[in-house]
Peer 1: 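This is the structure I have questions about; it appears just below.
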Amino acid sequence: MTHGLNAAQSEAVRYLDGPCLVLAGAGSGKTRVITQKIAHLIEDKGFEPRHIAAVTFTNKAAKEMQERIGKLMEGKTTREGKRLPLKQLTVCTFHSLGVQILRMEAEHVGLKPQFSIMDSDDCFGLIQEQLGTTDKKLIRGVQSTISLWKNGMVDPETAIAQAANADEHQAALVYRNYVATLNAYQAVDFDDLIRLPAELFARNETVQLKWQNRLRYFLVDEYQDTNACQYQLLKLLAGGSHLRAPAFTAVGDDDQAIYGWRGATLDNLRLLQTDFPDLKVVKLEQNYRSTVRILEAANAVIANNPKLFDKKLWSEHGMGDPIAINPMNDEEHEAESVVFRLSAHKFERRAQFRDYAILYRGNHQARLFEQILRRERIPYVLSGGQSFFDKAEIKDICAYLRLIANPDDDPAFIRAITTPRRGIGNTTLEVLGTFAGQAKVSLFEAAMMGGIEAKLQPRQLEPLRVFCESMVRLADRAAKDPATVVLDDLMEGIHYEAYLYDAFDERQAQSRWTNTLEFLDWLKRKGTKPEAEAEGEATGFDNADGFGNEGKNLLELTQTVALMSMLEGREEDPDAVRLSTLHASKGLEYPHVFLVGVEEGILPHCREDEDMGDEKIEEERRLMYVGITRAQRSLHISWCKKRKRARETYSCEPSRFIGEMKLEEAPAPKDDMPAMSPKDRLGALKALLGNGGKAAQG
DNA sequence: AAGGCCTGGAGAGGA
DNA sequence: TCCAGGCCTT
């Protein structure tokens with residue numbers, strides 16, 4: 001069963017006598033351990049798939065895990081010779097699990113089952129209103145403070161009591177209001193998806209035991225990224241009870257904890273040992289990714305952090321190429337030079353563009369590289385970027401869906417009723433809002449109530465009522481008719497396409513409409529695909545969230561949309577250089593990596609108004625560690641002696657992390673930059689290659 | 001006064 | 001890229 005695993009991996013897979021922590025160094029095969037352990041539980045230990053949960057942070061990770069499990073278990077059958085019900089496995093994100101719990105237990109947390117999920121933009125809007133300002137920096141600051149409070153399980157009253165200064169006090173007051181507002185809207189934010197189930201389990205043992213019985217073994221991916229709430233949830237579900245022993249495996253790497261600013265805390269690794277004294281710790285130290293030189297540099301850097309667990313990566317790969325450290329004159333020189341070196345390297349190694357990644361600390365650093373790559377017609381892909389679900393047109397449609405599912409969702413009401421415009425403006429909404437406030441009902445309810453007539457002109461009231469009535473009709477039908485039909489009627493009714501072409505220029509409108517259609521199409525597929533059809537799929541899974549969304553009516557579908565991503569359209573994989581932030585590169589690997597802008601102030605990053613505590617430096621160091629360990633075969637590090645800011649140039653120091661890599665004294669960097677302008681150099685190279693750089697689209 | 005254009009500056013990001 | 005703030009219009 002555990003063939004093909006090394007000793008440590010195999011131990012991690014087979015250990016089931018108690019809680020287990022797998023410290024999986026970079027490139028040590030952690031996903032392998034999780035998937036094999038699931039297979040082991042099912043095949044060798046007689047677990048039913050429905051009793052196992054594997055929890056990740058991203059949809060992408062969840063999907064990848066499903067695929068790997070599917071492949072691993074392909075053709076396997078139960079002991080009775082029946083096909084394994086792999087679909088019943090719970091492989092999903094923390095948030096998706098939270099929603100699932102909340103929908104079923106809504107009554108216990110004072111929500112109706114059709115509660116809405118607000119994304120961060122909606123929440124931003126709420127906080128903006130309360131603060132009465134348009135200062136985005138301030139709003140975002142308050143928003144993240146509130147989020148950190150929530151994730152640290154600090155309630156508003158405590159936050160108010162403990163506020164250390166006027167700003168915090170103000171934020172805490174907003175926090176209290178914000179919680180109350182969400183409640184009035186019958187809505188939750190992303191943080192609530194974890195917090196509410198955790199609080200529920202903590203105070204209601206019956207419900208807790210019910211879920212403990214449903215999910216009997218837990219596997220947690222990227223455990224070092226969990227926050228206080230997620231730990232509580234995990235502990236309450238998998239940490240055992242008077243009826244059952246703890247049953248979980250947490251997989252993570254303390255050296256790759258880079259999400260402290262999002263509330264993740266390494267305390268969770270420490271806590272695991274104190275909360276579970278019999279915790280079995282397995283270290284995976286053999287790296288299957290990188291050459292010895294790269295791993296030694298990574299080890300040397302991370303050795304400067306205080307160690308929670310001592311861990312040293314090793315590899316059976318050869319020494320490999322020396323690591324190149326390249327000082328550059330300024331950021332333009334850096335971009336030109338990196339692109340030049342990359343092209344030359346690719347030519348020498350007969351490699352492909354997709355073998356290369358350029359990694360940087362801050363998103364804006366990508367700009368220059370994009371420029372040069374485009375100019376040289378080298379194809380590239382930018383990691384990250386705006387997600388499909390953040391696009392305005394998708395949010396518009398989602399607002400309608402949310403409103404159909406939950407008429408109390410005021411933000412959705414406002415967005416839907418004003419997009420497209422239908423003769424309802426701010427004045428009408430203000431009157432309606434005041435009225436609703438006094439009557440303590442939602443906007444929707446207020447619009448339908450008696451008494452509102454007196455406050456509004458007939459020509460204001462009329463479109464309001466028309467809108468609400470059409471929503472009521474749609475809601476009725478959404479609960480019974482197929483999603484396809486209802487969606488078509490909705491789109492027909494709101495003239496969305498006409499609105500797009502009216503409100504935007506041709507190009508914009510076209511692209512937005514295309515997105516809209518794609519989204520509708522995706523919804524319809526989700527809504528109509530019958531269970532039986534999914535049976536035949538190779539992986540045995542049919543969606544990215546681990547719960548069956550197929551064949552549901554629109555109402556049910558709408559309730560999970562906020563968390564989903566359309567990963568199923570397999571992203572095309574062009575032969576292109578990858579540009580990525582260090583954060584976004586975690587978990588990925590590339591044969592050849594260029595790590596750029598490795599200077600004091602950038603990596604480690606430092607903001608003027610902020611002091612660099614030890615913990616901050618340590619997280620930056622882990623970021624450097626993540627960067628180094630992305631590389632399989634070659635690693636090129638560059639830093640700029642000078643950078644431009646405003647209209648002056650200032651000089652930079654190489655990052656302390658470069659020194660920490662303890663590279664053997666390299667021979668004086670050979671000058672591979674002849675006395676030519678960068679442009680000429682690239683020209684010369686292309687002449688050398690004789691193919692004009694093999695143009696492709698970026 | 002309000003609005004469009006340009007220039008400069010910038011942690012990181014998923015549910 | 002995106003956002004803000006300054007400056008130049010109307």
Side-chain angles (χ1 to χ4, degrees), chain A residues 55-63 92-100 102 117-123 134-141 143-144 147 150-151 188-195 197 221-222 225-227 229-230 233 256-264 331 359-371 374 380 382-390 398 544-546 560-565 567 579-587 597 599 601-610 612 616-617 619-620 622-624 626-627 643-650:
Chain A
V55 191
T56 66
F57 277 88
T58 63
N59 282 316
K60 186 168 165 236
K63 196 193 175 214
C92 67
T93 62
F94 268 102
H95 292 86
S96 177
L97 177 64
V99 176
Q100 189 74 0
L102 282 183
I117 301 167
M118 304 263 223
D119 66 30
S120 30
D121 279 6
D122 297 319
C123 300
T134 52
D135 180 343
K136 298 200 171 176
K137 282 234 170 70
L138 178 69
I139 302 166
R140 251 197 289 271
Q143 192 178 17
S144 100
S147 176
K150 282 196 168 196
N151 288 327
V188 300
D189 63 18
F190 285 129
D191 299 326
D192 290 334
L193 296 177
I194 317 291
R195 200 193 87 229
D221 191 23
E222 304 283 15
D225 291 338
T226 52
N227 61 39
C229 265
Q230 286 155 342
L233 184 62
Q256 293 187 69
I258 54 174
Y259 284 107
W261 48 274
R262 222 152 77 173
E331 57 260 70
L359 306 180
Y360 37 80
R361 172 66 227 257
N363 243 325
H364 59 277
Q365 290 174 265
R367 215 187 104 253
L368 261 181
F369 289 92
E370 273 191 273
Q371 232 171 63
R374 236 190 334 251
Y380 67 89
L382 253 180
S383 81
Q386 197 192 26
S387 109
F388 194 78
F389 281 80
D390 287 338
C398 283
D545 60 14
T560 48
V561 161
L563 288 182
M564 298 196 283
S565 66
L567 286 167
L579 294 184
S580 170
T581 61
L582 286 165
H583 282 93
S585 75
K586 188 162 72 126
E599 294 136 44
I602 294 190
L603 181 63
H605 183 268
C606 168
R607 262 192 338 195
E608 276 127 42
D609 55 336
E610 224 171 23
M612 292 297 280
K616 197 125 186 40
I617 285 289
E619 181 153 320
E620 295 293 311
R622 292 192 289 266
L623 209 42
M624 178 74 179
V626 165
R643 266 179 202 273
K644 283 195 278 278
R645 188 150 70 199
R647 238 154 258 151
E648 78 224 87
T649 53
Y650 68 103

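Residue numbers begin at 1 in each chain, while the letters A, B, ... track the order of the sequences.
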Peer 1: Measure from CZ on A:Phe369 to P on C:dT1 and round the result to the nearest Å.
Peer 2: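 My rounded result for the distance is 17 Å.
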
Peer 1: Send over the distance from A:Asp135 CG to C:dG5 C1', rounded to a whole Å.
Peer 2: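 These atoms are roughly 13 Å apart.
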
Peer 1: At under 4.0 Å between heavy atoms, how does the protein contact nucleotides 9-14 of chain B? Give one character per nucleotide, 5' to 3', with B, S or -.
Peer 2: SBBBBB

Peer 1: Can you label the angle between the A:His95 ring and the A:Phe190 ring as parallel, tilted or perpendicular, going by 30° and 60°?
Peer 2: perpendicular

Peer 1: Does A:Glu331 use its side chain to pair, donor to acceptor, with the backbone of A:Leu368 at less than 3.5 Å?
Peer 2: no

Peer 1: Distance-only, no hydrogens or angles: does the A:Tyr360 side chain make a donor-acceptor pair with backbone N or O of A:Ser580 under 3.5 Å?
Peer 2: yes

Peer 1: Could you check A:Asp191, A:Asn227, A:Asp189 and say which one makes a side-chain hydrogen bond (donor to acceptor under 3.5 Å, both in side chains) with A:Ser147?
Peer 2: A:Asp191

Peer 1: Quick one: list whatever passes side-chain hydrogen bond (donor to acceptor under 3.5 Å, both in side chains) with A:Arg262, sequence neighbours left out.
Peer 2: none

Peer 1: What is the distance from OH of A:Tyr360 to C1' of C:dT1, rounded to the nearest Å?
Peer 2: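 From A:Tyr360 OH to C:dT1 C1': 11 Å.
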
